[in-house]
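Chain naming here is simple, since letters A, B, ... match the order of the sequence lines and numbering starts at 1 in each. Note: hydrogens, waters and symmetry copies are ignored here, and every other heavy atom, side chains too, is used.
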Amino acid sequence: MEREIAVTLSNGIRKSIAKGTKLQDLADEEAVAAQVDGALVDLSRTIENEASISFVSIHSKKGLEILRHSSAHVMAHAVKELFPTAKLTFGPSTDTGFYYDFDYERPFTPKDLEMIEKRMSEIVKEDLPFVRQEVSKEEAIKTFEALGERYKVEHLEELPDRVSIYRQGTFMDLCGGPHLPSTGRIKAFKLLSVSGTYWRGDARNQVLQRIYGTAFPEPQGLEDYLHMLEEARKRDHRKLGRELDLFSISEEAGPGLIIYHPKGAMLRTILEDFERREHLRRGYQIVIGPQLLRLDLWKQSGHFENYRDKMYFTKVEDSEYGIKPMNCLSHMLIYKSQIRSYRDLPLRYFELGTVHRHEKSGELHGLLRVRGFTQDDAHILCRPDQLNDEICGILDFVDDVMRMFGFRYEMELSTRPEKSIGSDEDWERATQALLNALRGKGLSFEINEGEGAFYGPKIDVKLKDALGRSWQCATIQADFAMPERFDLTYVGSDGQRHRPVMLHRVILGAMERFIGVLIEHYAGAFPVWLAPVQAILLTVTERHIPYAEKVWQELMQKGIRVEKDFRNEKLGFKIREAQIQKIPYMLVVGDREEKEGTLSPRRRTGEAMRGMKVEEFINQIRSEYPSL
RNA sequence: GCCCACGUAGCUCAGUCGGUGGAGCACUUCCUUGGUAAGGAAGAGGUCAUCGGUUCAAGUCCGAUCGUGGGCUCCA
């Protein structure tokens, strides 16, 4: 007999409905799934008991995940039909789309992708319902064994006794769900690429073929995403780095090693000058350590034990040395060079420290992942009671700098990894210190279990560039272990020796990576204060060269980074070239300017300005410098 | 490091069935002296990544090595 039950909807309204009502019948058009008493379920579920219900919109983060996960199922469906011997493994959604890994005898080709995509469209058009079925584990194992899906069977062995299977048409997959009501809800999707991967991500396992795709609730979303990819390709720092003549990576010199050309070196110098100034303003002291330190020291620090794979070693007159992968050692030696009083602390040592790490060849990527890089590194040695203030100071520093470059950012707290040094108690204290600072400042963050450095937990700052992609740059690491290992002490007000705490931190991170991110963020059109070339002088004809030469000298003497293009070419041609070089100001010099003693600036935005005196132009440029 | 793809002039890219390698841009010279995104002409430029193999003959087919790209894994 039918019975009424009371449910609470997400808008707080209580409603009386018939027992056994399908969620589908309560949902609006945008809903793709529901949360019933917090549990995510399909819309095909019925309601049997009093519950609080909210619907998951296809436009929400969760809804988008469901759409994409269902798209992965549709892709697997198409693949199984076209390539019946392919074996299913996993197919989750990702931040930007979805993928599915298959075990197949050969890699999929772009042509295969086209075919799969076409078949997917048909499956979508057929509007097949996703049907959920709960079965016992034994039954599921039998089913998938019969289909020869050995990866599914392997996975099943780790699952609880009741599992769910989803079907659409003839396709079935082991899956927790939930899924869209039907395949027809997939309005826009595209397959993007294929690549190799391994069963369970382990290189010792079977090689799998991964197909990547993406899906959106509306065609416009897909179009925007593809447009973003195209934009990202145009902004690729490797492409712009060559076009703007900033840097190169030479096969002869070695992979992962950056060669800065004059403009790239200028850009880096500007950033480094900025960094020195800002650190001095904040009570840091600049220090410089050597590239090579004796192996014994790396053994003492634990680097040899925990970081050896990434280090380079060399021998000098029978002594073993390690090339530094981090800057902390010499900073600790500086600390140890005298007896420290509690009154001396905190000590903040800053170094633009160049380090070398052996990154695996497949991990290298332009400026973003290299083998030799320079960190804006600092080590702060302080008393335990100063720790919170110091961490907060760094968080403020990060915020100031990121704001200035126009980056938004997110934070993550990483905790103790398996391979690590130090006592449990110290790890607890260090982690707590970072947590307290984050909470004290009311900052939001996520937690990454087991992702910390080997000597301490860390706060990582992931900045988001103009295209919404995130990059790890700044990091703050609390370390009780190194001071212990090196027996760092200070004399307290009680006359006793005490152990200081060490903070490792970087703000921009690595200059190489940060410059790579900057190039993409600004699409190569750097703001005036950062632009390696701020202005270029363009003569209208050859007879203006003597005057232009005088102006050039003056601008250069006044510290403007100015180039000249006095070639025998038409003005339009020179403007075009300067434009492509993304130089902020083009300074036109012809009869008029010569007579008036001026120059006529044109911004790279296309805006032409009236004749200006040199002084006036310099003030114009200076007015565009940011203040911090 | 692993999987797959790729490597032709400084750059972007053609090069068919194995039969003595091309274009555009850039560069050099000449003509042109032109006011806000490409004036014209001529010239020069290559160990087809490297090494080896198959073949009468290899940019082209095969193998190895190096490098690059997309992923995996890892990270500043």
Report task. Using the P atoms only, state how far B:G39 lies from B:A76, rounded to an integer number of Å. Result -> 50 Å
Review point. Taking atom P in both B:U73 and B:C3, what distance in whole Å separates the two?
Key: 16 Å
Of A:Val506, A:Leu508, A:Ile507, the one forming a side chain to side chain contact (heavy atoms under 4.5 Å, CB included) with A:Val398 is A:Ile507
Exercise for review: Assign A:Arg602 to base, sugar-phosphate, or nothing according to its heavy-atom contacts below 4.0 angstrom with the strands shown.
Suggested key: base
By the 4.0 Å heavy-atom rule, please label A:Asp377 as base, sugar-phosphate, or nothing.
nothing
Q | side-chain N/O A:Thr541 vs B:G34 OP1/OP2, d < 4.0 Å | A | no
When we call it a touch if two heavy atoms are under 4.0 Å apart, what does A:Val506 touch: a base, just sugar-phosphate, or nothing? nothing
Here the gap from A:Leu246 atom CG to A:His237 atom NE2, rounded to the nearest 0.5 Å, amounts to 10.5 Å
**Item:** A:Arg603/A:Glu624 ion pair, N-O < 4.0 Å
**Value:** yes
Taking the six-membered ring of A:Tyr99 as reference, does the NZ or CZ atom of A:Arg210 fall below 6.0 Å from its centre and within a 45° cone about the axis? yes
Examine the base of B:C75 for any acceptor or donor lying under 3.5 Å from a partner atom in the side chain of A:Arg513, and report the outcome as yes or no. yes
Discussion item. Need one value for A:Thr197: base, sugar-phosphate or nothing, where a base atom within 4.0 Å counts as base even if backbone is also close, heavy atoms only.
Written reply: sugar-phosphate
Exercise for review: Identify whether NZ of Lys or CZ of Arg in A:Arg576 sits under 6.0 Å from the centre of the six-membered ring of A:Phe573 and within 45° of that ring's axis.
Suggested key: no
On a heavy-atom basis, the closest approach of A:Tyr585 and A:Pro601 is CD2-CB, 4.1 Å
Phosphate OP1/OP2 of B:C27: any A:Arg567 side-chain N/O under 4.0 Å = yes
Assert: residue with more 5' nearest nucleotide on RNA chain B, out of A:Glu542 and A:Ala474, is A:Glu542
Next item on the list: Name the nucleic acid region contacted by A:Lys310, choosing base, sugar-phosphate or nothing; use a 4.0 angstrom heavy-atom cut-off, strictly under.
Entry: sugar-phosphate
| task | For B:U50 versus B:G59, give the span between their P atoms, rounded off to a whole number of Å. | result | 11 Å
Exercise for the section: Examine B:U36: is either OP1 or OP2 under 4.0 Å from a nitrogen or oxygen in the side chain of A:Arg604? Give yes or no. Expected result: no
Base, sugar-phosphate alone, or nothing: which one does A:Glu607 contact when heavy atoms must sit under 4.0 Å apart?
-> nothing
If the P atom of B:U16 is compared with that of B:C25, how far apart are they to the nearest Å? 24 Å
*For B:A23 and B:G15, measure between their C1' atoms and round to the nearest Å.*
11 Å
Taking B:A76, B:G35, B:A26 as options, the one with an atom nearest any side-chain atom of A:Glu577 is B:A26
- Item | B:A76 pyrimidine/purine six-ring stacking with A:Phe373, under 5.5 Å and 30° | yes
Counting distance alone, no hydrogens or angles: does the base of B:G67 have a donor or acceptor under 3.5 Å from a partner atom on the side chain of A:Glu252? no
If one requires at least 3 consecutive Watson-Crick or G-U pairs with distances under 3.5 Å, the stems of RNA chain B turn out to be B:1-7 with B:66-72, B:10-13 with B:22-25, B:27-31 with B:39-43, B:49-53 with B:61-65
Testing B:U36, B:A76, B:C74 for proximity to the side chain of A:Thr475, the answer is B:A76
Taking 4.0 Å as the cut-off, does a side-chain nitrogen or oxygen of A:Arg371 come that near to OP1 or OP2 on B:A76?
no
Begin with the C-alpha distance, continue with both residues' side-chain angles, and end with the deciding distance and a verdict on salt bridge (Lys or Arg N to Asp or Glu O under 4.0 Å) for A:Asp377 and A:Arg505. CA-CA 6 Å; A:Asp377 206 359; A:Arg505 48 105 284 184; 5.7 Å; no
- Message: Between B:A14 and B:A9, how far apart are the two P atoms, rounded to whole Å?
- Response: 12 Å
*asked:* Over all strands shown, is A:Tyr99 touching base, sugar-phosphate only, or nothing at heavy-atom distances under 4.0 angstrom?
replied: nothing
Does a salt bridge link A:Arg276 with A:Asp273, judged by any charged N lying under 4.0 Å from a carboxylate O? yes
> Counting any heavy atom closer than 4.0 Å, what does A:Glu512 reach on the DNA or RNA strands: base, sugar-phosphate only, or nothing?
Replying inline: nothing
With the side chain defined as heavy atoms from C-beta on, A:Glu359 is closest, among B:A76, B:A26, B:U36, to B:A76
| message | Given the structure, check if the side chain of A:Arg369 and the base of B:C74 hold any donor-acceptor pair shorter than 3.5 Å. | response | yes
Please classify the nucleic acid contact of A:Arg357 as base, sugar-phosphate, or nothing, using heavy-atom distances under 4.0 Å.
base
key: Short side-chain N/O contact from A:His365 to OP1 or OP2 of B:G70, under 4.0 Å   = yes
Here the distance between atom P of B:C72 and atom CD of A:Gln209, to the nearest Å, is 14 Å
B:C72 phosphate, OP1 or OP2: any side-chain N/O from A:Tyr212 under 4.0 angstrom? yes
Handout entry: Sugar-phosphate, base or nothing in reach of A:Val370, heavy atoms under 4.0 Å
Key = base
task = Provide the distance between the two P atoms, one in B:C30 and one in B:G35, to the nearest whole Å.
result = 23 Å
What contact category does A:Gln472 fall into here, base, sugar-phosphate, or nothing, at under 4.0 angstrom with non-hydrogen atoms?
sugar-phosphate
Assert: residue with more 5' nearest nucleotide on RNA chain B, out of A:Ile580 and A:Glu251, is A:Ile580
- Task: Give a yes/no answer on whether the side chain of A:Gln375 brings an N or O atom under 4.0 Å of OP1 or OP2 in B:A76.
- Result: no
Side chains of A:Leu88 and A:Tyr151, heavy atoms from C-beta outward: is any pair under 4.5 Å? no
Do A:Glu577 and A:Gln581 have side-chain atoms, one donor and one acceptor, less than 3.5 Å apart?
no
Among the nucleotides B:C75, B:C11, B:G39, whichever has the atom closest to the side chain of A:Lys570 is B:G39
Side-chain atoms of A:Arg238 come closest, of B:G70, B:G39, B:U36, to B:G70
**Rounded distance in Å between the P positions of B:U33 and B:G70** = 49 Å
How would you label the contact of A:Gly572 with the nucleic acid (heavy atoms, under 4.0 Å): base, sugar-phosphate, or nothing?
sugar-phosphate
Next on the checklist: When you compare the side chain of A:Leu191 with that of A:Met75, does any pair of heavy atoms fall below 4.5 Å?
Outcome noted: yes
**Distance test, side-chain N/O of A:Lys458 to OP1/OP2 of B:A76, below 4.0 Å** = yes
